[in-house]
2 protein chains.
Amino acid sequence: MKRKITLKQIARELEVSISTVSKALKDSAEISEDTKQKIKAFAKLYHYRPNNLAISLKNRRTKNIGVIIPDIVHYFFTTVFRGIEHYSQEHGYNIIACVSDESLEKEIINMEMLANGSVDGFILALSAETQKKNEFDHLREILDQGIPLVLFDRVTDEIECDKVMINDQEAAFLGVKKFIDNGRKKIALITTEDYFSVSRDREAGYRQALLQFGLPLDEDLILKLPFMALDESAINMFFSTQEVDAVLCVNEIFAIHCMNLVQQKGIKVPEEISFIGFTDGILSKYANPGLTSIAQHGFRMGEIAAKMLIGKIEDDLGEEEEETYHTEIIRSNIIERGSTIN
Amino acid sequence: MKRKITLKQIARELEVSISTVSKALKDSAEISEDTKQKIKAFAKLYHYRPNNLAISLKNRRTKNIGVIIPDIVHYFFTTVFRGIEHYSQEHGYNIIACVSDESLEKEIINMEMLANGSVDGFILALSAETQKKNEFDHLREILDQGIPLVLFDRVTDEIECDKVMINDQEAAFLGVKKFIDNGRKKIALITTEDYFSVSRDREAGYRQALLQFGLPLDEDLILKLPFMALDESAINMFFSTQEVDAVLCVNEIFAIHCMNLVQQKGIKVPEEISFIGFTDGILSKYANPGLTSIAQHGFRMGEIAAKMLIGKIEDDLGEEEEETYHTEIIRSNIIERGSTIN
DNA sequence: AAATACTACGAAAACGGTTTCGTGTTGATA
DNA sequence: TATCAACACGAAACCGTTTTCGTAGTATTT
């Protein structure tokens, strides 16, 4: 078991100084060709690699970025993660991945752990609890320390920083419009409790569409389900008391689950009830019938988030301009499948 | 924008030495109560946190572990990741997550990047290409440097290290047995090309079961699909030329896909053809009918991998015993759903 | 021959901590 | 009163780099 070799050891072995070795390996003009050759050969022979920690300490830059997501067993977040990873990788950054588990406390702990030199910046989607409690001091502190932060998908207006999201309201609007174009009249919305930024926006789009196209707004057609545990009986109750011919769901799981329950009742999809979901994950694709779904382009979202963050990180190295923040909106689009009529 | 405060700054401000500050904050008995109080109060006021990099450099331990998985948009790996993250978090370790994208080269690059001081150990599932090419020098080098490594799921006999996997062969055996118990006679296996360790083991279990229960072994009933891109026409061809009444698939996607295609032909599942898949992911659960599936207990696998790795890491700090390696087998079990007859 | 300019290298500080080993000042002991 | 511990603190080395600056030795210029 051979420990990694260091500059010091090379220096001792070759009877030169550490600085000489360091410079030689960087091909500095200060060092004679002879010496450089000797040192390089020796370094190669012993597989010398500079120690990342030492370099990070010296540069005050880690080339790591912290990604904190609420849940990783979740198609959308995973896809975004993939996009972040892809862009970062190409630009020489590593990802330290943390899962907040929808908990504010874990979100805080994770950020604090990483903020002490472990990462150069954060990419984050707010946990459910964070959004519910409207607690953002931990984010403010990070920003105060000059650590860049990019929020994606689950964002908040209370924090000024870079953000990436989709046009949720418009997307929901277009979903409802599609139902209306297909002649649907009783359009339900199945969503989470109010505290999610995305759910609020999607609900706004739903309402806007009904209003704009002159359909009555029936509050009973809006079902708000608890986010964490799917409540089957609530869903069943909803579908036996309400008469609906189309359902917009704010996420894939809700949609698939409802579609299954409805089909079990013998109701035909899409003939009697149409469904549209958000996320366009793997479930939508393989469902029976396929679920028409609003693609959130997670991969692109991740890439853009990473790009924005790395941009900020590397800008911070240059002149200290006053901060400007951007909000990038990714246009979603509807992927049509069997759960709606073409 | 206030930069993080350091020991040096506290020392200067309070007109004591750096060592005194360091000791005071660790509540060392060497420092008088008075001074300690003063320093602690000051540190608290300014939110002092030690710099992780400096500590890591000093201790030669990062409290980071590198996790390299072939693909993160994949229920099983994600679940394992979750388990790793959970255990690690509780033990004060962070995860640096890399995706090898089924590529040997990316696997190597990732490992080399992280091996230079960024992590204390690795948890890894081999990429497809790595298994195909049987190239493991990068793993040997890691181990040579004394960096602990745990392999999970996609493993190899060529490398001696800790491993975690499920009883793939037995699981496949039991799957086939279930078909046979249900009176099925023409049992197909849909698998990947040979180079995956898990696929080989599962195929072995399939063959063993047929043999043991006296069913003829028909090589034409084994369909090997390319791993990366699902080949629909090959599947269609298979089902129109072969007469089968049960199908064991080595993963969830294959199973769901085949089940859908078969159903499109108007064949009834499970009456005419039964299906069993591996992985028991989200697709199995929401498929129509639900897919009977072999649960791989990814979360537990992740926890165990992390436990083994962290154990090794922290043992290495103690006496240098000769290395012993373990292979942990997690017992899988069948989750029954509508795709098989009860 | 003296002044100057390169060349090729080393010493040392710095990044931000931890830790070992002094050491000056007390107060108690012989 | 000389000796010794205990106390409270600081200096310095160390982790592994990078980088600035200084300086011998040689080569060039005037």
Side-chain angles (χ1 to χ4, degrees), chain A residues 3-40 43 46-64 113-120 145-146 317, chain B residues 2-40 42-43 46-64 113-120 145-146 317:
Chain A
R3 270 244 148 278
K4 297 234 78 170
I5 197 171
T6 67
L7 287 189
K8 193 193 284 199
Q9 293 169 44
I10 300 183
R12 191 183 322 136
E13 216 63 34
L14 262 41
E15 302 187 299
V16 292
S17 76
I18 294 180
S19 10
T20 301
V21 178
S22 174
K23 289 170 192 164
L25 293 176
K26 314 205 93 153
D27 214 27
S28 155
E30 266 181 86
I31 308 297
S32 71
E33 279 307 322
D34 264 16
T35 317
K36 280 200 273 191
Q37 289 316 318
K38 207 180 306 176
I39 293 177
K40 283 186 191 169
Y46 285 92
H47 295 103
Y48 170 77
R49 299 284 151 184
N51 181 304
N52 292 333
L53 290 176
I55 293 182
S56 295
L57 182 58
K58 183 99 242 280
N59 297 346
R60 289 126 141 266
R61 302 190 52 216
T62 61
K63 287 255 178 184
N64 288 155
M113 281 248 23
L114 298 184
N116 305 129
S118 296
V119 301
D120 297 336
Q145 289 172 27
L317 301 180
Chain B
K2 40 177 192 199
R3 270 242 149 280
K4 296 232 79 169
I5 197 171
T6 68
L7 286 189
K8 192 194 281 200
Q9 294 169 42
I10 300 183
R12 191 183 323 136
E13 215 63 34
L14 262 42
E15 303 189 297
V16 292
S17 76
I18 295 180
S19 11
T20 302
V21 178
S22 175
K23 288 170 191 164
L25 293 176
K26 315 203 93 157
D27 214 26
S28 156
E30 265 183 89
I31 308 298
S32 70
E33 279 308 320
D34 265 15
T35 317
K36 280 201 273 192
Q37 287 318 317
K38 207 179 305 177
I39 293 178
K40 284 186 191 169
F42 190 91
Y46 285 91
H47 295 103
Y48 170 77
R49 300 283 152 185
N51 180 304
N52 292 333
L53 290 176
I55 293 181
S56 295
L57 183 58
K58 182 95 239 270
N59 297 347
R60 289 126 143 268
R61 301 190 53 218
T62 62
K63 287 258 178 179
N64 288 155
M113 280 249 23
L114 298 183
N116 303 305
S118 296
V119 301
D120 297 336
Q145 290 172 26
L317 301 179

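We use all heavy atoms of the structure for the numbers below, so side chains are in, but hydrogens, waters and symmetry mates are not. Chain A is the first sequence line, chain B the second, and so forth, proteins listed ahead of strands; every chain is numbered from 1.
Taking every nucleotide of DNA chain C with any atom under 4.0 Å from a non-hydrogen atom of chain A, the first and last of them, 5' to 3', are C:dA8 to C:dG16.
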Problem - Steps toward side chain to side chain donor-acceptor pair (under 3.5 Å) verdict (B:N116, A:K4) - result: CA-CA 8 Å; B:N116 303 305; A:K4 297 234 78 170; 2.8 Å; yes
Exercise for the section: Just do the side chain to side chain contact (heavy atoms under 4.5 Å, CB included) check on B:T35 and B:T20 with the steps written out, would you? Expected result: CA-CA 9 Å; B:T35 317; B:T20 302; 4.2 Å; yes
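Going from atom CG of B:N59 over to atom P of D:dA13 covers 20 Å, rounded to whole Å. Atom NZ in A:K4 sits about 14 Å away from atom C1' in D:dT17, given to the nearest Å. D:dT18 atom P lies 12 Å from atom NZ of A:K23, rounded to whole Å. Separating the CG atom of B:L7 from the C1' atom of D:dC14 is a distance of 15 Å, rounded to the nearest angstrom. Taking atom CD1 of B:I18 as the reference point, atom P of D:dA11 lies 10 Å away to the nearest angstrom.
Taking the side chain as every heavy atom from C-beta outward, B:D27 and B:K40 approach each other to under 4.5 Å.
Of all heavy-atom pairs between B:K23 and B:E30, the closest is NZ-OE1, 3.5 Å.
The 5' end of DNA chain C is approached more closely, in terms of each residue's nearest nucleotide, by A:V16 than by the other of B:L57 and A:V16. Both B:K58 and B:E15 lie close to DNA chain D; mapped to their nearest nucleotides by heavy-atom distance, the more 5′-ward contact belongs to B:E15.
A:S19 comes within 4.0 angstrom of a base, heavy atoms only. At a threshold of 4.0 angstrom between heavy atoms, the contacts of A:T6 are confined to the sugar-phosphate backbone, with no base atom among them. Looking at heavy-atom distances under 4.0 Å, A:K8 makes contact with sugar-phosphate atoms alone, never a base.
Of the residues in residues 24-38 of chain A, those lying under 4.0 Å from DNA chain D by heavy-atom distance are A:K26, A:E30.
If you check D:dT20, D:dC15, D:dT17 against the side chain of A:N51, the one that comes closest is D:dT17.
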